[in-house]
Amino acid sequence: MTDPASLNERIWLAVAAIPAGRVSTYGAVANAAGLPRGARRVGRALGALPPDSQIPWYRVINAQGRIAIPQGSKAAREQWDRLLGEGVIPDANGRIDLRRYGV
DNA sequence: CTGTTGACAGTAC
DNA sequence: CGTACTGCCAACA
């Protein structure tokens with residue numbers, strides 16, 4: 001880890017640090033991974049995440065409290081399903097309250 | 001709410 | 001090997 005194989009690995013580790021029942025934003029994960037302005041890098045890293053990984057990628061949402069994945073995608077439904085299963089409930093506007101679930 | 005700008009690793013060419 | 005373009009975003013106007 002003193003010399004990570006790739007940025008993706010560092011990003012994944014930062015995502016893995018998110019506690020259950022909580023959510024984090026791309027910016028926060030990027031900051032935790034050592035990328036102060038690398039929010040977009042986080043998105044690409046999650047997209048490159050292997051399907052058999054144990055990384056809680058679904059706990060990562062954008063700064064607007066919304067899922068960044070295009071609605072209708074299988075991954076988007078899975079993300080909502082997993083979040084609901086951990087007690088993360090969106091408000092009436094369909095947005096997750098970062099003031100409550102945010103770390 | 002929409003639009004534009006910033007920043008930077010992958011990827012394509 | 002270099003150049004251009006892209007992208008599960010954020011911050012600002």
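So you know, we letter chains A, B, ... as the sequences are listed, proteins then strands, and number each from 1.
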Checklist entry - Which of residues 84-96 of chain A sit near DNA chain C, with a heavy atom under 4.0 Å from it? => result none
Checklist entry - What is the distance from CD1 of I11(A) to P of dA7(B), rounded to the nearest Å? => result 18 Å
Checklist outcome for this item: What one should report as the nearest heavy-atom pair of R59(A) and L83(A) is CA-CD2, 4.2 Å
Checklist outcome for this item: For DNA chain B, the expected dot-bracket line (Watson-Crick or G-U under 3.5 Å, [ ] crossing, | inter-strand) is .|||||.||||||
Item to check | Rounded interatomic separation in angstrom, taking CG from L46(A) and C1' from dG7(C) | outcome: 13 Å
Using the 3.5 Å cut-off, write out each protein N or O paired with an N or O of nucleotides 10-13 of chain C and the distance between them.
from    : atom 1 : to     : atom 2 : distance (Å)
dA10(C) : OP1    : A63(A) : N      : 2.7
dA10(C) : OP2    : A63(A) : N      : 3.0

Checklist entry - What about R40(A): does its side chain form a donor-acceptor pair under 3.5 Å with the base of dG6(B)? => result yes
Item to check | Residues within residues 66-76 of chain A bordering DNA chain C, heavy-atom distance below 4.0 Å | outcome: A68(A), I69(A)
Next on the checklist: Among residues at least two apart in sequence or on other chains, which ones pass salt bridge (charged side-chain N to carboxylate O under 4.0 Å, His left out) with R82(A)?
Outcome noted: E78(A)
Donor-acceptor pairs are to be reported for all side-chain atoms of residues 44-58 of chain A against protein atoms at under 3.5 Å, with residues two or more places apart or in another chain.
from   : atom 1 : to     : atom 2 : distance (Å)
S53(A) : OG     : P50(A) : O      : 2.9
Y58(A) : OH     : E86(A) : OE2    : 3.2

Item to check | Rounded distance (Å) that lies between atom C1' of dG6(B) and atom CZ of R41(A) | outcome: 10 Å
Checklist entry - From L13(A) CG over to E9(A) CD, what is the distance, rounded to the nearest 0.5 angstrom? => result 6.0 Å
Next on the checklist: Distance check needed: dA9(B) C1' versus N8(A) CG, whole Å only.
Outcome noted: 9 Å
Side-chain donor-acceptor contacts of residues 92-103 of chain A below 3.5 Å, not counting sequence neighbours, with atom names and distances?
from    : atom 1 : to     : atom 2 : distance (Å)
D97(A)  : OD1    : R99(A) : NE     : 3.0
D97(A)  : OD1    : R99(A) : NH2    : 3.4
D97(A)  : OD2    : R99(A) : NH2    : 3.2
Y101(A) : OH     : I89(A) : N      : 3.3

Item to check | Pairs involving residues 64-74 of chain A, ordered by first then second residue, that meet salt bridge (Lys or Arg N to Asp or Glu O under 4.0 Å) (sequence neighbours left out) | outcome: none
Item to check | Non-neighbouring partners of A76(A) that pass side chain to side chain contact (heavy atoms under 4.5 Å, CB included), sequence neighbours left out | outcome: I69(A), S73(A)
Taking N or O atoms only and anything under 3.5 Å, show me the protein contacts with nucleotides 11-13 of chain B, one pair per line.
none

Side chains of residues 21-37 of chain A: which donor-acceptor partners sit under 3.5 Å, not counting sequence neighbours?
from   : atom 1 : to     : atom 2 : distance (Å)
T25(A) : OG1    : A28(A) : N      : 3.2

Checklist outcome for this item: E78(A) CD to dC8(C) P, in whole Å, measures 17 Å
